[in-house]
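So you know, we letter chains A, B, ... as the sequences are listed, proteins then strands, and number each from 1. Small disclaimer: the values here were computed from a predicted structure and weren't measured.
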Amino acid sequence: MRTAINLLKHVNWSARLGLAVIVINVACAFFAPWVAPYSETEVVGDVWEPVMWSAEAVPHNPPVILGTDQLGRDLFSRLMYGARNTIGLALVTTALAFGVGALLGFLAATMKGWVDMLLSRGVDILMAFPTLIFALVVLSVMGTSTTVLIVVIALIGATRVYRISRAVAMDIEVMEYVESARLRGEGLWWVMKDEILPNALSPLVAEFGLRFCFVFLFISALSFLGLGLQPPTADWGSMVRENAAAISFGILTPLIPAAAIALLTVGLNLVVDWFLHKASGIKDVP
Amino acid sequence: MNNLTTMILKRLAFGVLTLFVISGLIFLAVQALPGDLTQAILGRSATPETVAAFRHELGLDLPPHVRYFQWISGIIKGDLGTSLANKRPISELIETRLYNTMFLACAAALISIPIAVGLGLMAALYRQSYLDKLISISTLSLISVPEYFVAYILVALLSVTFPVFPSLASVSPDMGLWDRLYVIALPVMTLTFVVTAHMMRMTRAAIINVLGSPYIEMARLKGIKKGRVILNHALPNALSPIINVVVLNLAYLLVGVVLIEVVFVYPGLGQLLVDSVSKRDLPVVQAISLIFAAIFVLLNLIADVLAIVTNPKHRYPK
Amino acid sequence: MSDNQRLLTIDGLFIEGYQDEQWRQVVKGVSLHLDRGQVLGLIGESGAGKSMIGLASMGYTKPGCRITSGSIEFDGVELVGADQETLRKLRGTRIAYVAQSAAASFNPAHKLIHQFAETAVQQGLMSYAEAEKKAKELFRRLDLPDPENFGNRYPHQVSGGQLQRCMVAMAMACNPDLIIFDEPTTALDVTTQIEVLGAIKEVIGAYGTAAIYITHDLAIVAQIADRIMVLRHGEEVETGDTRAVINSPKKDYTRALLAVRKHRGETVDHGHQDIILEVQNVTAAYGNKFVVLDGVSTKIERGKTVSVVGESGSGKSTLARVITGLLPPIGGEVRFQGQLIPPGMKGREKEVFRRMQMIYQMADTALNPKHRVRKIIGRPLSFYFGMTGKKREDRIIELLDKIELGEKYLDRFPGDLSGGEKQRICIARALAAEPELIICDEITSALDQLVAGGILKLLQNLQNELAVSYLFITHDLDTVKAISDEIVVMHRGKVVEQGPAQAILNPPYEPYTDLLLSSAPQMDPSWLPKVMQHRRELAAKGINLQT
């Protein structure tokens, strides 16, 4: 605990800001059912009621903090549930992408030969598709269920994770300590788990942050296109889409969920950026 | 020289091969359409006859390799098949839309490339300055927000609060160039913002990488003027990574275009693709995704070939 | 005579470097002076601050370093605090720099001649045509091949030794008053090193250029410098005329530096005569085409040290890779304790792995930075002998004592250790397996001389105690002389000759061995002219180099 506090002291202000944003978001996602004033689907008032502190605000009890959406539901509550759904889905997907991508990447780097050849060419082909197009083709064929969504995005994510972890593992694999372990007669598993993994950890942690951002934005984009999570489930991308029409009346409601997405990803990126900078060992000379 | 040509030819061959594999995958994806899903598309009330007719329409009753070659040879001849939704030939559907999408993408590219490379260079040269920090933090924010967030902010600002530009980019074929540019101002701006941010960050990194090399230190120790160190020593070596960055970002622009077209209801390929996906108009999805994939592969190919050509080690072999 | 003879005066120079989020002093009050046409050798181990002083003489500090106080006066101009334009005009024209790695310091995008001419033309000293003429003259003087067209090549098209000489030529382009040589021969092979060194000496002598020559090798500096300054931890140890410093050093540290070269430990004859390893007619290639080992045979007896010596590309490291199974040979066989062992690692028994251990040149990369010393040394113990708990712990401590480090190192990470300590940990890891043979691949060449000496002594003691055999791969002839029982000389993938150390190291010499032996720098300042003469004689006999 004390080391965590010590570590925080060395974090610069932008990363601290990012960290705060992440903590708030995760807390919202986790406690949504207990903290949110209304439920996900409850209609509480008129369409697009303004935010609580505006002059035309309609009084409610409990208060409708950020106004209502296109169906008169409480936007604030839906944002909290949206955090729960979107962040949860993105986490599961990223974890899956990482499990598959990193394992295969390490395998390719340690085994080399035809395993590496086969995996790398396969990934090359998948990466020759623009990501969004790939997802659209699969979704048009398989339909837009949550499982399909997770699998497709995880697959896309896994190709990038594979590239990174293979490259990182390759750099480590040429180190003499790995050769030394091999000359000791160690097996593949030890080499991957004890020699490569501990040294690959810091680039992979940073990559996890970036990959999470990518997955999160990707899910939101698909939802925004109407191909992600299906209504009435609240998620931030579809909330932007559903409320989009309001913008031409000068009502800023769609900007709120969009801003929530932006805030979280910027926050994450700030932390990752700081982490990468630290890990790269580049020194800022005052 | 011979060496160089073989490298490029190899890369070209790989590009063509990739295209074939991709077309095969797109084809297979549709092929894999399970029987009950055919039903799901047609609805539960569909009789076995209509299902059979639908499968016939998709050609699912023919052996796959026959169908693939029919499809491919059709594409090579310019026949992309027929839309399921409105029974019109796909090539007719996408003709003007392809032009529109290209117009939008090119306009964004033409604006963002010089800005991105210029600012990237500045940020790299004045590293750790306030300008650099400002650029760094704003581009970091820009690349991490969704495209449509930028789009809606621009709409709220420049179309609603200050009604300068239209919020819907409705173009028609008989529009003049300036009218067209005026109408698409907001989508172009949005794309420019997003792509410039990416390109600028990568340009900066590429140049900083080169500036750290021992031969740059050597040039300074040789008493070369700072401007000349940059132009004559850093730039020729940074060129290849910068070109790579630019071309890769053009490929990225391609994906961004789909979202932006939806936001501004712009009659382009991306809009049609998204519509067709929700309608499950599979032949159209196939055709458009093949076009996007082909452009993407081509851009990557160009990036690789340029990287080979601009590297002195390849141009002047031992 | 006195005042305008003085070219460079450095007085009370302090330089700081930014490390671990704070400024630390790296150069602590060094003063020196240099007259026109004089050569000053700066010598010291890594971290002595010698490169920084060299660069500071040009008014330059690396990014992350700064001059905090002191004065540097070059021909009446104060360089500390001078504006960039003043410094820029001096650099390249009056003070030039020769870096350690020519390969990295030449711009890959331009022809050599353009890089040569750049300063002269940009500073308006010569026209391009004049610069080109000058280049050809210098290329000829520096013995570069085809001097007329040499400049039309790109850096990646010429060899390392040639590139290094080309950089010397580039430094000479504007007839500077002073050249800073920053370890210009360190990255080269011994035989190539001589040529570059000879070229440097010849050309600065001919033009009467003053120089600061930075190196860690006393023997090299003895050949070229008029005066020597010995540095340690950023401070001056002693300064004096070359002969005086070498023949009668005043300080213990200098004496220690000199003494390292003469080390020859005592050997115990174990009396065993059984053969541990036998390599028969081994041929190996990379990618089935590029043959790097060509019919090599040799053998190692128990408790003996066999040195394999040769230049880069001689195949000496490949021999180690073949024996360990990292590179399966395409022909020939390897016998270990009389048993034929599988060519590759696949199919080798755990026992074979255990009995044959390897130690590497770079201890930095040979130790997993995320493992503590306990795990590094403990793993072979549990892997080969199934040791656990107290037994394992005791054995680790025992091994740490053997390598003269002790228990307090147990929980440290490699990053907390010095270069010499890391190499000792590598030795302990090898010993943990209780091997019959340890393959040592250039294990001292990345270390400072004093530390390397300590490692060699330790290995000698361990051999006397444990009767382990060493296969010692090295390019350093001093090391070979210090430790070998037998010597194998390799050149371009073949064994040139092999036999007992005494036979190889004493006349009559095999011609290539002669070339190699005569290339090893000696302290005697008159050695370089002698060896250059000797080399010409060898060349007349048809013994040539691969440059």
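For Tyr215(B) and Gln115(C), the side-chain atoms include no donor-acceptor pair closer than 3.5 Å.
For the set Ala104(C), Gly92(C), Gly59(C), the entry with the most heavy-atom pairs within less than 4.5 Å of chain B is Ala104(C). Ranked by non-hydrogen atom pairs under 4.5 Å with chain B, the options Ser105(C), Ala173(C), Ala171(C) are led by Ser105(C). The candidate with the highest count of non-hydrogen atom pairs below 4.5 Å against chain B, out of Glu118(C), Met170(C), Gln122(C), is Glu118(C).
Residue Leu90(C): no heavy atom, backbone or side chain, is found under 4.5 Å from chain B. Of the atoms belonging to His114(C), not a single heavy atom falls under 4.5 Å from chain B. Contacts of Ala96(C) with chain B are absent, with no heavy-atom separation under 4.5 Å from either backbone or side chain.
Checked by atom type and distance alone, the side chain of Arg91(C) never pairs as donor or acceptor with a backbone atom of Leu221(B) at under 3.5 Å.
Atom CZ of Phe150(C) is surrounded by more than 12 heavy atoms from other residues, nucleotides or ligands within 6.0 Å. The 12-atom threshold is exceeded at OH of Tyr207(C), counting heavy atoms of other residues, nucleotides or ligands nearer than 6.0 Å. Heavy atoms of other residues, nucleotides or ligands lying less than 6.0 angstrom from OH of Tyr128(C) number more than 12. Dense packing is recorded around CE of Met126(C), with more than 12 heavy atoms of other residues, nucleotides or ligands lying under 6.0 Å away.
No side-chain heavy atom of Tyr97(C) sits less than 4.5 Å from a side-chain heavy atom of Lys222(B).
Of residues 224-247 of chain B, those residues lying under 4.5 Å from chain C by any heavy-atom pair are Ile224(B), Lys225(B), Arg228(B), Asn232(B), His233(B), Pro236(B), Asn237(B).
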